[in-house]
Engineer: 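Below is a structure I'd like to ask you about.
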Amino acid sequence: MSVPKHIGIIMDGNRRFAKRLMAKPWKGHEWGADKVEKIIEWCDDLGVKELTLYALSIENFDRPKKELDYLFSIFKKEAERLLTDERVYKNKIRVMFVGRLHLLPKDLQEVVYKVMEKTKKHDKFLLNFAVAYSGQAEILDATIKIAKQVKEGKLNINKINEELFKDNLELKDCPDLIIRSGGEVRTSNFMIWQSAYSEWIFLEKMFPEFEKEDFMNCIQEYENRQRRFGR
């Protein structure tokens, strides 16, 4: 089986799934968080080396405060769990949080930075959470970093190329496969630069009802495609 090295997942449909079951919207996020743990296990079983999860976009900050506060509490709870989860250390999982983290509540910022610091030397599996993230914002921030280097005389403008630009992004590696649940067929500002040649799969199922069979079907679909990279 041709297993993708790096998988990205847009975890869409939590709120709609909760609404379908006549539950509060934030209950769907709780179910979604439980699903994340299973997906990490599935990736480990297959030998996937990197997983990037789109957890919260900058645009999502326009949601009702009560829902956002509940989301932040889930993020904090899950981040704290990662600090003590034996599997993170046994399996050498490096955890990264990417995005404009300064937008997060201070107590949540403290926990995510602790997780990143504690796992920074792990090298078997890379787990990225895109939080307060926007692909456009990531590109803008990289552009500003490069411009500052040029302004300070640390970088010759003629040396700017695709490789250098990629090195200034938060997410360096390009996903081989991106899966979006929830029935929407759009990329929603996720890894704009990195996904130029990614294989995309869009699923009708909401994220909380995404099961291992669906995951394996996506891997099979990926294997059946011919990746030409423009050739």
Engineer: Starting at CG of L155, measure out to NZ of K148 and round the result to the nearest 0.5 Å.
Structural biologist: 14.5 Å
Engineer: Can you get from L177 to L51 by hopping between Ile, Leu, Val, Met, Phe, Trp and Tyr side chains that sit under 4.5 Å apart?
Structural biologist: yes
Engineer: What heavy-atom pair brings P175 and S198 nearest, and what distance separates the two atoms?
Structural biologist: O-OG, 2.6 Å
Engineer: Between E209 and K35, is there a side-chain N and carboxylate O pair less than 4.0 Å apart?
Structural biologist: no
Engineer: Using 30° and 60° as the class limits, which term best fits the ring planes of F215 and F210: parallel, tilted or perpendicular?
Structural biologist: perpendicular
Engineer: Please check if V98 and I144 belong to a single hydrophobic cluster, counting links between Ile, Leu, Val, Met, Phe, Trp and Tyr side chain heavy atoms closer than 4.5 Å.
Structural biologist: no
Engineer: Considering only heavy atoms from C-beta outward, does the side chain of L164 approach that of N161 to under 4.5 Å?
Structural biologist: yes
Engineer: Measuring only between side-chain heavy atoms, which start at C-beta, is K124 closer than 4.5 Å to N91?
Structural biologist: no
Engineer: Are E41 and R87 within salt-bridge range, i.e. N to O under 4.0 Å?
Structural biologist: yes
Engineer: Minimum heavy-atom separation for L83 to K118, with atom names?
Structural biologist: O-NZ, 3.3 Å
Engineer: Just so I know, are the side chains of Q194 and K172 near enough to count as touching, which here means a heavy-atom distance under 4.5 Å?
Structural biologist: no
Engineer: Ion pair present between E80 and K77, side-chain N to carboxylate O less than 4.0 angstrom?
Structural biologist: no
Engineer: Is there a path from V36 to M191 through hydrophobic residues (I, L, V, M, F, W, Y) whose side chains come within less than 4.5 Å of each other?
Structural biologist: no
Engineer: Which heavy atom of A79 sits nearest a heavy atom of F97, and at what distance?
Structural biologist: CB-CZ, 4.3 Å
Engineer: Hey, mind stepping through E221 and R225 against salt bridge (charged side-chain N to carboxylate O under 4.0 Å, His left out) and telling me if it holds?
Structural biologist: CA-CA 7 Å; E221 170 66 20; R225 295 184 183 181; 2.9 Å; yes
Engineer: Determine whether L101 and I139 fall in the same hydrophobic cluster, where Ile, Leu, Val, Met, Phe, Trp and Tyr are linked whenever their side-chain heavy atoms lie under 4.5 Å apart.
Structural biologist: no
Engineer: Quick one: are I7 and I219 in side-chain contact, heavy atoms under 4.5 Å?
Structural biologist: yes
Engineer: Would you call E162 and K166 a salt bridge, using N to O less than 4.0 angstrom?
Structural biologist: no
Engineer: To the nearest 0.5 angstrom, please state how far the CG atom of N128 sits from the CD1 atom of I9.
Structural biologist: 12.0 Å
Engineer: Under a 4.5 Å cut-off applied to non-hydrogen side-chain atoms, are M116 and M96 in contact?
Structural biologist: yes
Engineer: Which heavy atom of R63 sits nearest a heavy atom of L71, and at what distance?
Structural biologist: NH1-CD1, 4.3 Å
Engineer: Can you name the nearest heavy-atom pair linking E50 to V48, along with the distance?
Structural biologist: O-CG1, 3.4 Å
Engineer: When you compare the side chain of C218 with that of L203, does any pair of heavy atoms fall below 4.5 Å?
Structural biologist: yes
Engineer: With E117, which of K114, K121, K120 fulfils salt bridge (charged side-chain N to carboxylate O under 4.0 Å, His left out)?
Structural biologist: K120
Engineer: Is there side-chain contact between F129 and V95, with heavy atoms separated by less than 4.5 Å?
Structural biologist: yes
Engineer: Considering non-hydrogen atoms only, spot the tightest contact between G135 and I192 and give its length.
Structural biologist: C-CD1, 3.8 Å
Engineer: Evaluate the ring planes of W200 and F190, with Trp represented by its six-membered ring, and classify them as parallel (under 30°), tilted (30 to 60°) or perpendicular (over 60°).
Structural biologist: perpendicular
Engineer: Whether K212 and D45 form a salt bridge (side-chain N of Lys/Arg under 4.0 Å from carboxylate O of Asp/Glu) is what I want to check.
Structural biologist: yes
Engineer: With a 3.5 Å distance limit and no angle check, can you tell me whether D44 reaches the backbone of I40 through a side-chain donor-acceptor pair?
Structural biologist: no
